[in-house]
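A short worksheet on the structure shown next.
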There are 2 protein chains.
Amino acid sequence: MTPTATATATLSAQSGAEASLAAQIRSAGARATPARIRVLQILRTAPAALTHHDIDLALGTLTLDRVTLYRVLDWLVEAGLAHKSTDARGVFRFSVAAAGEHQAHTHFRCDACGRVFCLDAPPPAPPRLPAGFSLLRIDLDLRGCCADCAVQTA
Amino acid sequence: MTPTATATATLSAQSGAEASLAAQIRSAGARATPARIRVLQILRTAPAALTHHDIDLALGTLTLDRVTLYRVLDWLVEAGLAHKSTDARGVFRFSVAAAGEHQAHTHFRCDACGRVFCLDAPPPAPPRLPAGFSLLRIDLDLRGCCADCAVQTA
DNA sequence: TACTCACTTGCAACCTTGTTGCATGTACAG
DNA sequence: CTGTACATGCAACAAGGTTGCAAGTGAGTA
């Protein structure tokens, strides 16, 4: 780490976390650009699966082109660092991929605020399928009202 | 066009099924229009959940405006006669609603051909939710390879 | 049967989400 | 420091879905 003084100074505040993310990105075989670092950081700290729009807002000062964000997200998914699914509105949502096993996934979507939460629920027992069908993945999609919205309506 | 004679004649062929559908639509509190009858008929005979586009093609001679089809489908869902869900591509798919209880639903989506099948699987046991969350609906989303595609790739 | 009116339909325009092609910029290896 | 392959931004496009409004029609009523 030796380049310009200012760059080092600005980075030093969060250098620990960022350096870790950057290293992870490089080890996946890509360049550690601000866009990728920031998006991965946002996904890491998000309590729920985010839409492209959510992430765009979360970027704050670092404005990325729509297309770039799509490409970053696609790369994250391809690199196995993120998970992509669709919500009930038909919009893609992204969340950090749990290391390794991600065969089963459980989402809770709040009908009131629209947020999607990734739950650590145990995978449900696979049901009996018609003859000839083979199962690769199970997504359990729960809907209802989240704690925050339950408080507000009470 | 001569109204009474020809119209009655053409209808008489399928009058049994159509009259039943029409009655069902009226009992839901709406007018039994050709559009609604036809769409409901298509959904009834479909083995899988259909996209807006699928239904548009299935309409054949009776061409409906895109918007009208969307509105008919939305009405069917609102009336409880159809069920709306999204596939992996983020496109809405429609299927006939099982009479009455539709709290839980199971879909199987084939990754190869993209078709979506509605299964009569028993509702999975609701998992433990974080405090304050309330559950209204469960969708179990299975993915893998359907029987047809398994045969083709074999 | 004829009338009437609210419910439906069709059309046009628009929005959101997501993708593709190409020129420019930049991370990082040498 | 420099060159190059990878990233980014811009513009244009495509599909899916929605909204507003004028015209058409089902079905109850006289």
Could you walk me through whether Arg36(B) and Leu76(B) pass the side chain to side chain contact (heavy atoms under 4.5 Å, CB included) test, one step at a time? CA-CA 8 Å; Arg36(B) 285 206 251 251; Leu76(B) 285 172; 5.6 Å; no
[X] [atom1] to [N] [atom2], straight-line distance once rounded to whole Å:
X	N	atom1	atom2	result
Arg89(B)	dA14(D)	CZ	C1'	12 Å
Trp75(B)	dT18(D)	CH2	P	18 Å
Lys84(B)	dG16(D)	NZ	P	14 Å
Asp56(A)	dT8(D)	CG	P	14 Å
Asp65(B)	dG20(D)	CG	P	16 Å
Tyr70(A)	dC10(D)	OH	P	17 Å
Arg26(A)	dC6(D)	CZ	P	16 Å

Do the numbers put Lys84(A) on top of the ring of Phe92(A), so that NZ or CZ is under 6.0 Å from the six-membered ring centre and no more than 45° off the axis? yes
Using modelled atom types only, decide if a donor and an acceptor are shared between the side chain of Arg93(A) and the backbone of Ala49(A) within a distance under 3.5 Å. yes
Between Val91(B) and Ala32(B), whichever has its closest DNA chain D nucleotide further toward 5' is Val91(B)
Out of Leu69(B), Ile42(B), Leu50(B), Val39(B), which residue meets the side-chain contact (heavy atoms from CB on, under 4.5 Å) rule with Asp56(B)? Leu69(B)
Centroid-to-centroid, Tyr70(A) to His52(A), below 6.0 Å? yes
Looking at every strand, decide which applies to Thr33(B) at a 4.0 Å heavy-atom threshold: base, sugar-phosphate, or nothing. sugar-phosphate
What is the nucleic acid contact for Arg36(A), judged by heavy atoms within less than 4.0 Å: base, sugar-phosphate only, or nothing? sugar-phosphate
Less than 4.0 angstrom between a side-chain N/O of Arg71(A) and OP1 or OP2 of dA7(D), yes or no? no
Taking side chain as C-beta onward, heavy atoms only, is His83(A) less than 4.5 Å from Val77(A)? no
Toward the 5' end of DNA chain C, which comes first, Arg31(B) or Leu69(B), by nearest nucleotide? Arg31(B)
Below 4.0 Å from chain A heavy atoms, what is the first contacting nucleotide of DNA chain C and what is the last? dT17(C) to dC28(C)
